[in-house]
Amino acid sequence: MKYYGFMQDDRYIYFVTELLKGGDLFTYHRSVGNFNPKQTAFYGAQVVSIFEYLQGKEICYRDLKPENIMIGSDGYLQLIDFGFAKVVTKRTYTICGTPEYIAPEILLNQGHGKAVDWWTLGILLYEMLAGYPPFQDDDPMNIYRKIINTKPRYPDGFDSKCKSLVKHLLRRDLSKRFGNLKDGAKDLKDHRFFEDVPFTDLLNRKLKPPYMPDSKDLKVNECN
């Protein structure tokens, strides 16, 4: 996201950034119900690339969710809200994140590292395709119990390639979780779910986005 400057008055500081016409992924996803496998792969591949970059800088993001993913004017994603992001070279013990997306090692207070981001990607892929997260309940404590003790149930018709990748990401055993293995993000990029996504073209923004936002889609809130 481009930053242009800031202003302030007696009460607030205002940051001036570029306008992201597509709004957040959560709102767009809810408006269409769920994504098809091709759209899920397009957006998921971008998150893979974002995490690959951040982890190359030893940064653990720790708060992936559709509300923190914006759709730019060109239809490509931008990640926002780095309030929980932290440089992690070994382990950290802060409990943070959104209930449906928290990795089990955070809940168990075992100390966690960058592998938690790959868990959250598994949750995001599931939610984009199914229309809802794999672990949900009205009571956050029940969500946590499900994350620690149960496996996701996949709805009928769930894409088999995406299901395979999600299973590799939602591994409680960190030695088996994709993204946390010897080859890092390469294991995800080489997975058959992304076989139709040329990552070089994706990074160069040469692929046609499945959705191009329009200014009329924006909802402007009045400030009193």
Side-chain angles (χ1 to χ4, degrees), residues 1-30 43-73 76-128 132-137 139-141 143-144 147-148 169-170 174 177 179-180 185 213 218-221 223:
M1 180 185 295
K2 294 180 181 178
Y3 166 74
Y4 296 111
F6 74 95
M7 299 172 287
Q8 68 181 89
D9 57 24
D10 293 338
R11 297 185 63 186
Y12 301 107
I13 296 178
Y14 306 90
F15 293 96
V16 183
T17 66
E18 68 176 297
L19 175 64
L20 299 175
K21 291 183 179 180
D24 63 85
L25 190 68
F26 176 86
T27 301
Y28 172 55
H29 185 248
R30 287 295 181 271
Y43 291 139
Q46 291 179 69
V47 178
V48 170
S49 298
I50 291 170
F51 281 168
E52 183 179 32
Y53 174 81
L54 291 177
Q55 296 195 3
K57 304 291 185 181
E58 303 293 349
I59 295 173
C60 186
Y61 178 67
R62 303 195 297 178
D63 199 21
L64 185 70
K65 55 183 176 181
E67 293 92 330
N68 284 345
I69 301 172
M70 304 296 291
I71 305 174
S73 302
Y76 279 75
L77 302 183
Q78 296 195 36
L79 192 63
I80 64 169
D81 194 350
F82 281 69
F84 286 148
K86 183 178 182 179
V87 173
V88 179
T89 56
K90 293 182 180 180
R91 287 188 180 186
T92 185
Y93 291 84
T94 306
I95 297 178
C96 59
T98 300
E100 291 85 356
Y101 277 72
I102 293 179
E105 59 265 32
I106 294 180
L107 296 173
L108 295 172
N109 201 27
Q110 297 172 339
H112 63 271
K114 294 183 284 293
V116 299
D117 285 341
W118 299 117
W119 173 279
T120 61
L121 175 59
I123 301 292
L124 180 68
L125 291 173
Y126 183 107
E127 182 172 359
M128 286 195 290
Y132 51 85
F135 307 107
Q136 54 181 341
D137 195 278
D139 184 348
M141 293 306 298
I143 295 176
Y144 301 152
I147 289 172
I148 294 171
L169 290 165
L170 299 185
L174 299 184
R177 187 181 300 170
N180 196 49
L218 288 173
K219 293 182 180 180
V220 180
N221 295 321
C223 297

J.: Within the structure provided, determine whether Arg62 and Ile106 are in side-chain contact (heavy-atom separation under 4.5 Å).
T.: no
J.: In the structure I gave you, are the side-chain heavy atoms of Leu54 and Leu79 within less than 4.5 Å of one another anywhere?
T.: yes
J.: Taking all atoms of both residues into account, what is the closest heavy-atom pair of Gly72 and Leu20, and its distance?
T.: CA-CD2, 3.9 Å
J.: Could you tell me whether Arg91 and Glu105 have a side-chain N and a carboxylate O separated by less than 4.0 Å?
T.: no
J.: Got a sec: does the OH of Tyr14 have more than 12 other heavy atoms crowding it under 6.0 Å?
T.: yes
J.: Within the 4.5 Å heavy-atom criterion, are Phe51 and Leu64 side-chain neighbours or not?
T.: yes
J.: Can you tell me how far CG of Asn180 sits from CD of Gln55, rounded to the nearest 0.5 angstrom?
T.: 8.0 Å
J.: Could you walk me through whether Gln78 and Glu18 satisfy the side chain to side chain contact (heavy atoms under 4.5 Å, CB included) test, starting with their C-alpha distance in whole Å, then the side-chain angles of each, then the deciding distance to 0.1 Å, before giving a yes or no?
T.: CA-CA 11 Å; Gln78 296 195 36; Glu18 68 176 297; 3.6 Å; yes
J.: Does Glu58 offer a backbone N or O that forms a donor-acceptor pair with the side chain of Lys114 under 3.5 Å?
T.: no
J.: Working to the nearest 0.5 angstrom, can you tell me the gap between Ile50 CD1 and Ile59 CD1?
T.: 12.5 Å
J.: Could you tell me how the ring of Tyr126 sits relative to the ring of Tyr132: parallel (under 30°), tilted (30 to 60°) or perpendicular (over 60°)?
T.: perpendicular
J.: What residues form a side-chain hydrogen bond (donor to acceptor under 3.5 Å, both in side chains) with Gln110, not counting sequence neighbours?
T.: none
J.: For Tyr101 and Asn68, run side chain to side chain contact (heavy atoms under 4.5 Å, CB included): C-alpha distance rounded to whole Å, both residues' side-chain angles, the deciding distance at 0.1 Å, then the answer.
T.: CA-CA 12 Å; Tyr101 277 72; Asn68 284 345; over 6 Å; no
J.: State, with a plain yes or no, whether a side-chain heavy atom of Asp9 is found less than 4.5 Å away from one of Tyr12.
T.: yes
J.: With salt bridge (Lys or Arg N to Asp or Glu O under 4.0 Å) as the criterion, how do Glu67 and Arg30 come out once you've worked through the C-alpha distance, each side chain's angles and the decisive distance to 0.1 Å?
T.: CA-CA 11 Å; Glu67 293 92 330; Arg30 287 295 181 271; over 6 Å; no
J.: For a quick test of reading the model, state the closest non-hydrogen atom pair linking Asp137 to Asp139 and the distance between them.
T.: OD1-N, 2.9 Å
J.: Treating Asp24 as the side-chain partner and Ile69 as the backbone partner, does any N or O pair qualify as donor plus acceptor under 3.5 Å?
T.: no
J.: Any donor and acceptor pair, going by atom type alone, linking the side chain of Arg177 with main-chain N or O of Trp118 inside 3.5 Å?
T.: no
J.: Side chain to side chain contact (heavy atoms under 4.5 Å, CB included) for Cys60 and Asp117? Distances and angles first, verdict last.
T.: CA-CA 7 Å; Cys60 186; Asp117 285 341; 4.0 Å; yes
J.: Please report the closest heavy-atom contact between Phe84 and Gly97, naming both atoms and the distance.
T.: CE1-N, 3.8 Å
J.: Name the residue from Leu125, Leu124, Leu77, Val48 that meets the side chain to side chain contact (heavy atoms under 4.5 Å, CB included) definition with Tyr43.
T.: Leu77
J.: State, yes or no, whether a side-chain contact exists between Leu170 and Ile123 at a heavy-atom distance under 4.5 Å.
T.: yes
J.: Side chains of Glu100 and Ile143: does their closest heavy-atom pair fall under 4.5 Å?
T.: yes
J.: Is His112 reaching over with its side chain to a backbone N or O of Thr92, donor-acceptor style, under 3.5 angstrom?
T.: yes
J.: Looking at Ala103 and Ile147, what are the two nearest heavy atoms and their distance?
T.: C-CG2, 4.5 Å
J.: Which label fits Tyr61 and Phe82: parallel for a plane angle under 30°, tilted from 30 to 60°, or perpendicular past 60°?
T.: perpendicular
J.: Which heavy atom of Leu174 sits nearest to which heavy atom of Ala115, and what is that distance?
T.: CD2-CB, 4.2 Å
J.: Would you compute the distance between atom CE of Met70 and atom CD1 of Ile80 and round it to the nearest 0.5 angstrom?
T.: 5.0 Å
J.: Just do the side chain to side chain contact (heavy atoms under 4.5 Å, CB included) check on Gln46 and Tyr76 with the steps written out, would you?
T.: CA-CA 8 Å; Gln46 291 179 69; Tyr76 279 75; 3.4 Å; yes
